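Have a look at this one before I ask anything.
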Amino acid sequence: MARRSARPRQRASAAVPAVPAVCPCSLSAPYEACCGRYHAGAGTAPTAEALMRSRYSAFVVGEAGYLLRTWHPRTRPERLELDPKTRWTGLEVLAVSDGSAFHPTGTVEFRASYRGGSLHERSRFERVDGDWAYVDGDFPQ
């Protein structure tokens, strides 16, 4: 009689990245206490910069639903498919304009690195019913 292993089998899942211990947003805080709480719905980002950081983290951990929820209704796509092969490797915030509790709009310029390259974007944010939402972005030279 064959003996069965007590260890459960692990399924290969390339589509769902592992939840990191340290938040990918570059603030050196635990994921669950940083952007993970926004992804879980336990609050909303208080600034445009915090929303941008949480959206970057959502790309890292594969939270497409969060990305859609935090996209401005005026510019939100119907659906979003993330490429599970993309490996995000770092975030650098280059500039922030407005986007605090006292502003209706804000802009965050950042560089997001991934294995093989980087994305440089100047993102625009607006408040929708009091919460920050990503509107769109452009790509500076």
Side-chain angles (χ1 to χ4, degrees), residues 2-141:
R3 185 174 173 192
R4 291 188 171 200
S5 171
R7 292 191 317 195
R9 286 187 180 184
Q10 293 181 342
R11 292 183 183 167
S13 179
V16 180
V19 175
V22 176
C23 196
C25 80
S26 300
L27 291 180
S28 300
Y31 169 76
E32 296 298 332
C34 194
C35 296
R37 64 189 163 139
Y38 303 136
H39 297 169
T44 59
T47 65
E49 180 182 351
L51 180 61
M52 185 280 304
R53 288 179 180 279
S54 69
R55 287 176 57 84
Y56 168 80
S57 293
F59 276 101
V60 173
V61 301
E63 282 284 343
Y66 178 78
L67 292 166
L68 288 170
R69 285 191 308 275
T70 58
W71 213 308
H72 197 289
R74 187 175 70 239
T75 58
R76 179 188 308 134
E78 284 187 33
R79 66 180 200 272
L80 180 65
E81 293 182 30
L82 303 178
D83 183 351
K85 296 176 192 164
T86 302
R87 296 293 177 248
W88 297 97
T89 59
L91 175 66
E92 179 184 7
V93 175
L94 304 172
V96 177
S97 175
D98 296 338
S100 76
F102 304 104
H103 299 110
T105 63
T107 303
V108 180
E109 184 175 348
F110 65 92
R111 182 173 288 110
S113 300
Y114 56 89
R115 196 172 294 154
S118 67
L119 169 75
H120 181 188
E121 181 174 328
R122 187 178 305 116
S123 297
R124 286 178 284 282
F125 299 87
E126 292 179 9
R127 287 188 178 276
V128 175
D129 297 327
D131 294 332
W132 286 106
Y134 169 76
V135 177
D136 60 14
D138 56 44
F139 307 99
Q141 295 300 332

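Quick caveat: nothing in here was measured; it's all calculated off a predicted structure. We're numbering straight along the sequence, starting at 1.
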Rounded to the nearest 0.5 Å, what separation is found between the CG atom of Leu80 and the CD atom of Glu63?
11.5 Å

Applying side-chain contact (heavy atoms from CB on, under 4.5 Å), can you list everything that pairs with Pro104, at least two apart in sequence or on another chain?
none

4.5 Å side-chain heavy-atom contact, Leu68 and Pro77:
yes

If we only count heavy atoms from C-beta on, is the Thr105 to Arg124 side-chain gap below 4.5 Å?
no

If you look only at pairs with a residue in residues 96-121, which of them pass as a salt bridge (charged side-chain N to carboxylate O under 4.0 Å, His left out), with sequence neighbours excluded?
Glu92-Arg111, Glu109-Arg122

According to side chain to side chain donor-acceptor pair (under 3.5 Å), who are the partners of Glu81, at least two apart in sequence or on a separate chain?
Arg79

Could you tabulate the donor-acceptor pairs under 3.5 Å formed by side-chain atoms of residues 45-60, not counting sequence neighbours?
unit_1: Thr47; atom_1: OG1; unit_2: Ala50; atom_2: N; d: 3.0
unit_1: Glu49; atom_1: OE2; unit_2: Arg53; atom_2: NE; d: 3.0
unit_1: Glu49; atom_1: OE2; unit_2: Arg53; atom_2: NH2; d: 3.1
unit_1: Arg53; atom_1: NH1; unit_2: Cys25; atom_2: O; d: 2.4
unit_1: Ser54; atom_1: OG; unit_2: Ala50; atom_2: O; d: 3.4
unit_1: Ser54; atom_1: OG; unit_2: Leu51; atom_2: O; d: 2.8
unit_1: Ser54; atom_1: OG; unit_2: Tyr66; atom_2: OH; d: 2.6
unit_1: Arg55; atom_1: NH1; unit_2: Leu67; atom_2: O; d: 2.8
unit_1: Arg55; atom_1: NH1; unit_2: Thr70; atom_2: OG1; d: 2.8
unit_1: Tyr56; atom_1: OH; unit_2: Gly90; atom_2: N; d: 3.0
unit_1: Tyr56; atom_1: OH; unit_2: Gly90; atom_2: O; d: 3.3
unit_1: Ser57; atom_1: OG; unit_2: Cys25; atom_2: N; d: 3.3
unit_1: Ser57; atom_1: OG; unit_2: Arg53; atom_2: O; d: 3.3

Measure from the side-chain N and O atoms of Thr75 to the backbone N and O of Val135, and report whether any donor-acceptor pair falls under 3.5 Å.
yes

Hey, could you give me the CZ/OG distance between Phe125 and Ser97, rounded to the nearest 0.5 Å?
12.0 Å

Chi angles and distances behind the side chain to side chain contact (heavy atoms under 4.5 Å, CB included) call for His72, Tyr134
CA-CA 5 Å; His72 197 289; Tyr134 169 76; over 6 Å; no

Under the rule for side chain to side chain donor-acceptor pair (under 3.5 Å), what residues qualify as partners of Arg37, not counting sequence neighbours?
none

Sorted by chain and number, sequence neighbours left out, side-chain contact (heavy atoms from CB on, under 4.5 Å) with Asp129 holds for none

Among pairs that include at least one residue of residues 18-36, which meet side chain to side chain donor-acceptor pair (under 3.5 Å), considering only residues two or more places apart or in two chains?
Tyr31-His39

Partners passing ring-ring contact (aromatic ring centres under 6.0 Å, His included) against Tyr38 (at least two apart in sequence or in another chain):
none

With sequence neighbours left out, write down each residue that passes side-chain contact (heavy atoms from CB on, under 4.5 Å) with Thr44, or none if nothing qualifies.
Asp131

Is there side-chain contact between Leu91 and Pro24, with heavy atoms separated by less than 4.5 Å?
no

With ring pair (Phe, Tyr, Trp, His ring centres under 6.0 Å) as the rule and sequence neighbours excluded, what pairs involving residues 103-122 come up?
Trp88-Tyr114

